[in-house]
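These numbers were taken from a predicted model, which means no experiment stands behind them.
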Protein chains: 2
Amino acid sequence: MNLSPKIENFVLHCGEMGSRWGFNRTIGQMVGLLVINEHPLTANQIAEALKISRGNVSMGIKELQSWQLVKVQHIPGDRKEYYAPNGTIWDLANKVFEERRKREIDPTLTLLRDQILDTANTPEEKYAQEQMQSIHDLLETVTKWSAELQRLTPEQLQSLMKLGSSVSKVIDLKDKLLKKS
Amino acid sequence: MNLSPKIENFVLHCGEMGSRWGFNRTIGQMVGLLVINEHPLTANQIAEALKISRGNVSMGIKELQSWQLVKVQHIPGDRKEYYAPNGTIWDLANKVFEERRKREIDPTLTLLRDQILDTANTPEEKYAQEQMQSIHDLLETVTKWSAELQRLTPEQLQSLMKLGSSVSKVIDLKDKLLKKS
DNA sequence: TTTAACTTTCAATAATTACTGAACGTTTAG
DNA sequence: CTAAACGTTCAGTAATTATTGAAAGTTAAA
């Protein structure tokens, strides 16, 4: 399990980006390693390739499973577990996106819904509630949009994109069509 | 500078979410505090309200300025600096979005562009490059889309949203229109 | 100038987060 | 049943990140 320089480079980069993508360095490296290898890897292979302890691999896999990013495979007559990415690159990105929405947006949306129902007693609270309402509306829009976009295949997205490569044009389209009918 | 329970609750929540939004707890609280207050605040007021040191406020403001999330205001005859959110809620969200794209996507895109130009020497490298190509294409699509969506006003977005509340319908629309012409 | 009112910086330290490795659990082949 | 081969857990420790507060920097009024 020694990586070619090019592949190692990619894996190390994934590690550096890991924390920005929502996990930590080691887990970032694990994702990179699994994605870049055509064949599933055992926990020991991962530990060896990344030079980390066996226990750390176990915890990392657990975390990745909570994100639904890896799946376990078995080879007949072999007791070891083999780990592989749970879907295409596109699938993985969707899963990360979805999970982050749950962690970064949903809790705030819940809080704001409660707060907005309360009555404001002072002018400060009045203003505060208006702001919270704005944030709430923004987050709802973002949530709905991300759900919409996730529903599309990469091909649909790219097709939509090439339509003059501007969403504003889609709006124009819509207006035109609505006028005709 | 003592906060009403309702407002304090919101500020504390922003703190808890802070690290998920790309900063740390204290900076999250600062954003919450500035957004929820109608009037700009001085560094000392922020320190007092959040019960943190004056130096910490200074560093937090610096960080928020690098994200372009706060602006400084002055009151004539007063040497203190007053801090306020740099734009509407929508503007702030856009700035965060943009900054995160720079940190979370751009560096990887740069790396992948380089890697893809290299020639693959082994079958493993061949596969690795195909995967890197997929990731690259995905990130480019995401980048372009986020740029498109950011260009729209909240009103445009919501109008587009209400169009049967499904982007797939827009694609259908497009197809219909193209057939007609 | 000097001094007072402010802001910034940064070394020391506190708080948080990640990692190791040994102990324990589980499964299966012999 | 026993031992070997694997996976998991978690207390202790290492690494990283955030915070304080004292010192230094800046500005402007007197």
How close or far is atom [atom2] of [N] from atom [atom1] of [X], stated in whole angstroms?
X: B/Ile61; N: C/dT9; atom1: CD1; atom2: P; answer: 13 Å
X: A/Phe23; N: D/dT16; atom1: CZ; atom2: P; answer: 19 Å
X: A/Gln45; N: D/dG7; atom1: CD; atom2: P; answer: 11 Å
X: A/Ile46; N: C/dC19; atom1: CD1; atom2: P; answer: 14 Å
X: A/Tyr83; N: D/dC6; atom1: OH; atom2: P; answer: 12 Å
X: A/Leu64; N: D/dT8; atom1: CG; atom2: P; answer: 13 Å
X: B/Lys80; N: D/dT26; atom1: NZ; atom2: C1'; answer: 16 Å
X: A/Ile52; N: D/dA14; atom1: CD1; atom2: P; answer: 19 Å

Carboxylate-amine/guanidinium proximity below 4.0 Å for [X] and [Y]:
X: A/Lys71; Y: A/Glu81; value: no
X: A/Glu98; Y: A/Lys95; value: no
X: B/Arg54; Y: B/Glu48; value: no

From the set [options], return the single nucleotide nearest to any side-chain atom of [X].
X: A/Arg79; options: D/dG7, D/dA5, D/dA28; result: D/dA5
X: B/Arg25; options: D/dT19, D/dA28, C/dT28; result: D/dT19
X: B/Met59; options: D/dT20, D/dC10, D/dG7; result: D/dT20

Distance check: side-chain N/O of [X] vs OP1/OP2 of [N], anything under 4.0 Å?
X: B/Lys62; N: C/dT9; value: yes
X: A/Arg54; N: D/dG7; value: yes
X: B/Thr26; N: D/dT19; value: yes

Handout entry: Atom of B/Val35, atom of B/Pro85 and distance for their closest heavy-atom approach
Key = CA-CG, 3.9 Å
Problem - Most 5' of A/Asn56 and B/Ser53 on DNA chain D, judged by nearest nucleotide - result: A/Asn56
Exercise for the section: Name the nucleic acid region contacted by B/Asn24, choosing base, sugar-phosphate or nothing; use a 4.0 angstrom heavy-atom cut-off, strictly under. Expected result: sugar-phosphate
Problem - Test applied, side chain to side chain contact (heavy atoms under 4.5 Å, CB included); reference residue, A/Ser66; option that passes from A/Lys62, A/Gln68, A/Glu63 - result: A/Glu63
